[in-house]
Amino acid sequence: MKAALVGSDHTLLYETRRPTERERGPEAVIQGILDFAAELRAFGVQRYGAEPLAAGVAVPGVIDEEHGIAVYSSNLGWSDVPMRRLLRERLGEDRPAGLPPLPVALGHDVRAGGLAEGRIGAGEGVDRYLFVPLGTGIAGAIGIGKTVEPGAHGSAGEIGHIVVRPDGPPCECGQRGCLERLASASAVGLAWAEACGDPQATSADAAKAVESGDPRAREVWRNAVDALATGLVTGLTLLDPRTLIIGGGLAEAGDTLFVPLREAVREKVTFQPLPAIVPAALGDAAGCLGAGLLAWDLLSAEVASR
């Protein structure tokens with residue numbers, strides 16, 4: 001879990017993180033989020049002598065942003081968590097009497113990161129973009145102007161569950177050959193661990209082995225890049241973005257990823273206009289910045305409605 005105090009000019013005033021501890025179960029994760037938020041608020045009051053004006057939280061899975069509910073997350077094991085209400089109650093426990101309830105915005109982690117990349121990162125000034133972080137899994141944020149499309153049911157952008165290899169490995173979603181099972185940072189790490197015989201090997205290790213010329217690593221990398229390009233071409237066929245923004249752990253490989261990926265996408269498109277393919281600019285701060293943007297947007301909307 002990552003958390004930050006964010007200024008009105010989008011400056012990260014303070015950053016911190018701690019383990020999710022999802023192995024303890026969904027209730028422990030929820031409690032950990034609430035405790036983390038309360039401690040961050042207390043730290044901000046102590047350091048800056050002022051209460052926060054609003055709070056934003058971004059979580060994975062299916063999100064009902066309108067009602068503030070974390071509907072489902074397979075990674076965290078929760079369903080129908082009234083996250084906004086729980087946070088508002090917890091952050092209000094020590095709030096001085098007479099202050100109105102703290103506005104709390106709830107968003108999707110990848111869409112929040114995509115919002116930040118679109119407004120103040122690699123997509124700044126771009127009218128249509130698709131943000132795809134390659135981390136533990138793969139998801140997408142569909143950027144339209146200064147907003148990110150959530151979809152009718154809060155699940156837009158789940159590009160990681162496009163089937164790119166029908167005979168591929170099983171996915172937790174129930175399908176086989178999903179993009180995230182083949183091209184996420186965790187998938188590349190697992191494939192390289194099997195190929196090199198080191199169970200502790202990661203995607204970063206795979207990238208280094210590719211750069212050193214290891215033929216086993218190059219094969220693992222080629223397979224992942226080909227699967228990723230297939231999924232991205234499906235995405236750009238449906239959405240026609242002007243820019244593809246690639247982030248997450250795998251993007252840290254730089255040209256080792258982007259040079260073959262751009263070529264693979266170019267080879268796979270036929271009639272589709274080829275978008276710019278660029279690395280994300282905000283790194284792992286994108287989610288915190290996006291949650292901050294959601295909070296500022298909510299605060300602005302509440303002020304405007306008064």
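Quick caveat: nothing in here was measured; it's all calculated off a predicted structure. One is the number of the first residue; the rest follow in order along the sequence. Excluded from the calculations below are hydrogen atoms, water molecules and symmetry mates; all remaining heavy atoms, backbone and side chain alike, are included.
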For Phe43, ring-ring contact (aromatic ring centres under 6.0 Å, His included) partners two or more places apart: Tyr14
Sidechain-backbone polar pair: [X] side chain, [Y] backbone, donor-acceptor under 3.5 Å:
| X | Y | answer |
| --- | --- | --- |
| Arg181 | Pro170 | yes |
| Ser186 | Thr136 | yes |
| Asp64 | His67 | yes |
| Thr234 | Thr230 | yes |

Just list the side-chain donor-acceptor pairs under 3.5 Å for residues 100-108, sequence neighbours left out, or say none.
from: His108; atom 1: ND1; to: Val110; atom 2: N; distance (Å): 3.1
from: His108; atom 1: ND1; to: Arg111; atom 2: N; distance (Å): 3.3
from: His108; atom 1: NE2; to: Gly61; atom 2: O; distance (Å): 3.2

Would you tell me whether Asp9 and Thr11 have side-chain atoms, one donor and one acceptor, within less than 3.5 Å of each other?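 Present: a donor and an acceptor within the cut-off.
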What side-chain donor-acceptor pairs closer than 3.5 Å can you find for residues 19-34, not counting sequence neighbours?
from: Glu21; atom 1: OE1; to: Arg24; atom 2: NH1; distance (Å): 2.8
from: Gln31; atom 1: NE2; to: Asp35; atom 2: OD1; distance (Å): 3.0

Identify, with sequence neighbours excluded, every residue that meets side chain to side chain contact (heavy atoms under 4.5 Å, CB included) alongside Arg18.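 If we apply the side chain to side chain contact (heavy atoms under 4.5 Å, CB included) test to Arg18, skipping adjacent residues, the hits are Met1, Phe36, Glu39.
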Check side chain to side chain contact (heavy atoms under 4.5 Å, CB included) between Asp284 and all other residues, then give those that pass, not counting sequence neighbours. Lys2, Arg17
Per the side chain to side chain contact (heavy atoms under 4.5 Å, CB included) rule, which among Glu172, Arg165, Glu158, His161 passes with Cys178?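 The passing option is His161.
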With a 4.5 Å cut-off on side-chain heavy atoms, are [Y] and [X] touching?
| X | Y | value |
| --- | --- | --- |
| Val278 | Tyr129 | no |
| Phe131 | Val148 | no |
| Leu257 | Val225 | yes |

Quick one: CZ on Arg216 to SG on Cys196, what's the gap to the nearest 0.5 Å? 6.0 Å
Rounded distance (nearest 0.5 Å) linking atom CD of Gln272 with atom CG of Leu236: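 Between Gln272 CD and Leu236 CG, I get 6.0 Å after rounding to 0.5 Å.
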For a quick test of your reading: what N or O donor-acceptor pairs under 3.5 Å do the side chains of residues 115-124 make, sequence neighbours left out?
from: Glu117; atom 1: OE1; to: Ala122; atom 2: N; distance (Å): 2.9
from: Glu117; atom 1: OE1; to: Ala281; atom 2: N; distance (Å): 3.1
from: Glu117; atom 1: OE2; to: Ala281; atom 2: N; distance (Å): 3.1
from: Glu117; atom 1: OE2; to: Leu282; atom 2: N; distance (Å): 2.9
from: Arg119; atom 1: NE; to: Lys146; atom 2: O; distance (Å): 3.1
from: Arg119; atom 1: NH1; to: Asp297; atom 2: OD1; distance (Å): 3.1
from: Arg119; atom 1: NH1; to: Asp297; atom 2: OD2; distance (Å): 3.2
from: Arg119; atom 1: NH2; to: Lys146; atom 2: O; distance (Å): 3.2
from: Arg119; atom 1: NH2; to: Asp297; atom 2: OD2; distance (Å): 2.7

Flag yes if Leu134 and Val259 sit in one hydrophobic cluster, no otherwise; membership is Ile, Leu, Val, Met, Phe, Trp, Tyr, and two members link when side-chain heavy atoms are under 4.5 Å apart. no
